[in-house]
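To start, the structure under review is shown below, and the notes come after it.
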Number of protein chains: 2
Amino acid sequence: MVVTDNPQTPQEKVPFDLPAYLQQRQSQIEAALDRAIPIAYPEKIYEAMRYSLLAGGKRLRPILCLATCELAGGTTEMAIPTACALEMIHTMSLIHDDLPAMDNDDYRRGMLTNHKVYGEDIAILAGDGLLAYAFEYVAAKTKNVPAQRVLQVISRLGRAVGAAGLVGGQVVDLESEGKADVSIDTLNFIHNHKTAALLEACVACGAILAGAPEADLQRLTRYAQNIGLAFQIVDDILDITATQEELGKTAGKDLQAQKATYPSIWGLEESQRQARQLVQAAIAELDSFGEKALPLQAIAEFITSRTH
Amino acid sequence: MVVTDNPQTPQEKVPFDLPAYLQQRQSQIEAALDRAIPIAYPEKIYEAMRYSLLAGGKRLRPILCLATCELAGGTTEMAIPTACALEMIHTMSLIHDDLPAMDNDDYRRGMLTNHKVYGEDIAILAGDGLLAYAFEYVAAKTKNVPAQRVLQVISRLGRAVGAAGLVGGQVVDLESEGKADVSIDTLNFIHNHKTAALLEACVACGAILAGAPEADLQRLTRYAQNIGLAFQIVDDILDITATQEELGKTAGKDLQAQKATYPSIWGLEESQRQARQLVQAAIAELDSFGEKALPLQAIAEFITSRTH
């Protein structure tokens with residue numbers, strides 16, 4: 001008789017093919033984003049919005065939203081407008097962050113930044129247009145979801161992008177630039193707001209659309225907060241260890257800008273350890289969901305293993 | 001108004017004190033805006049948002065929203081979050097339009113523009129923060145209105161500010177600058193999108209919140225489109241005839257910038273005639289509402305008679 005220490009349940013044996021899952025979802029989201037913004041007069045602004053929105057990227061945010069909605073018993077159809085809106089909001093924040101008055105970046109995802117192609121004026125307006133459209137899109141296009149839930153989603157999205165979210169994080173980031181004595185609290189504030197807030201909104205909105213009970217919403221929110229911070233730590237690590245080609249954006253930029261990062265405070269090794277720990281804590285929040293949580297679990301693991 | 005031929009009904013004789021009405025509403029809105037955005041960490045962004053949001057102004061947009069909601073049988077309480085959101089959106093568009101990459105204005109409402117006080121980076125983010133907060137505020141704070149109506153309002157707000165509204169109008173405005181041969185169609189497009197679209201949203205949202213029937217919504221929308229264009233024609237006229245002190249912003253700026261305006265195409269007199277005609281057409285749309293429409297009627301008349 002063969003005795004194993006800790007026999008796996010059949011549930012745990014189900015192989016989960018993350019690359020195939022991500023690719024399928026990515027195609028679905030690309031197609032939805034492409035349909036979401038058709039070109040009209042004045043063409044230039046629609047082209048500028050589409051240029052950055054359809055510039056590739058992992059589509060991690062919309063994928064998280066769809067995956068959580070399904071985990072909580074909803075359908076991808078219920079969540080696709082919100083998933084698209086999340087990518088519009090994320091894209092808007094990238095366009096505005098790249099502006100000369102902000103981080104002054106020339107490249108993003110291996111392409112010229114929006115203002116390098118369309119000019120600063122159009123880039124500002126393309127961001128504004130994407131942000132406004134994100135809310136319109138959720139309000140007008142969400143189907144088969146009670147209106148009260150859609151309002152909750154809009155409220156969450158607004159909070160995630162405004163002064164209590166992305167915008168607030170970017171303000172503290174700008175204030176901290178070039179400062180040698182940025183504390184770990186300040187760094188955490190920046191990334192909890194610049195990165196984790198929107199990732200949290202992705203997961204929370206997916207759960208809300210599906211009508212998840214409050215306890216599940218809380219668990220999933222903690223999952224998202226943990227992967228959000230892990231994601232940023234890994235980003236900081238990659239800025240040091242990856243090449244420009246791998247990143248598709250200027251590498252070593254944080255060092256050049258004397259920007260406080262997790263590796264600059266903790267060192268590389270400790271940063272890696274912290275990221276792994278956060279991912280483990282994130283996955284622990286998924287325990288009660290069983291097999292349904294496989295996509296979210298695999299996405300959490302993917303975050304620390306990614307190389308770009 | 002000539003009273004001899006067509007004696008007024010008692011309804012029409014009710015004296016309407018517009019200045020008192022505007023002042024009462026203005027105070028109500030100022031107080032609501034002040035409460036809407038308390039200062040938190042990072043203080044700078046909240047201060048920047050408040051600096052422009054609380055910089056005075058006629059508060060015409062929120063007043064139109066409240067007045068239409070009441071006209072259609074709703075209460076001001078139902079409409080106050082949307083009214084505040086409309087002013088946040090309007091303020092955001094002013095902050096971004098004033099940026100060096102856009103119209104490069106140093107003064108607005110007699111005060112330094114946002115970026116002259118807080119810097120370009122914070123001004124861009126203050127606009128983003130106000131825009132995001134506008135949607136959050138409507139979604140989270142609207143009370144005693146069916147959720148489906150609130151979603152309709154959010155959808156309208158998004159359309160009014162995005163590429164199909166304010167943003168699209170500003171793009172064509174920027175493209176037309178310095179061009180000698182701007183057609184009246186292009187000029188109408190600019191102002192239908194830069195000015196009329198948001199005024200239309202104010203009125204439409206007020207009506208939707210109150211649950212106005214479709215026919216009334218159509219009438220009120222046409223009222224708003226007419227006063228929107230009249231408003232812009234008068235703005236163009238005032239840029240020529242008013243002093244800087246009266247305007248609170250740089251006077252004669254359109255001429256200096258060789259900007260196409262209604263007076264530059266039609267001349268001053270014809271522009272004044274067109275504005276009056278639009279206001280008459282607007283007021284005609286209010287006929288079926290009787291006495292309840294007195295505030296909207298007086299506001300329409302006020303638009304052509306204002307001197308700043």
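Chain identifiers are assigned alphabetically (A, B, ...) following the order of the sequence lines, protein sequences preceding nucleic acid strands; residue numbering begins at 1 within each chain.
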Legend entry - Heavy-atom check, side chain of B/Met102 versus side chain of A/Leu125, under 4.5 Å: yes

Legend entry - Least distance between heavy atoms, B/Gly158 atom then A/Glu136 atom: C-OE1, 3.6 Å

Inset, instruction - Give me the contact list for residues 137-157 of chain A versus chain B, heavy atoms only, anything under 4.5 Å, ordered by residue number. - result: A/Ala139, A/Ala140, A/Ala147, A/Gln148, A/Val150, A/Leu151, A/Ile154, A/Ser155

Legend entry - Contact summary for B/Ile45 and A/Ala163, nearest pair of heavy atoms: CG2-CB, 4.0 Å

Inset, instruction - Under 4.5 Å heavy-atom distance to chain B, tell me which part of A/Ala164 shows up: side chain, backbone, both or neither. - result: both

Legend entry - Shortest non-hydrogen contact between A/Pro42 and B/Phe189, atoms and distance: CD-CZ, 4.0 Å

Inset, instruction - Could you tell me how the ring of B/Phe135 sits relative to the ring of A/Phe135: parallel (under 30°), tilted (30 to 60°) or perpendicular (over 60°)? - result: parallel

Legend entry - CG-CG distance between B/Asp128 and A/Leu131, expressed to the nearest 0.5 angstrom: 6.5 Å

Inset, instruction - Find out whether B/Leu99 and A/Asp121 are in side-chain contact, i.e. whether some heavy atom of one side chain is under 4.5 Å from a heavy atom of the other. - result: no

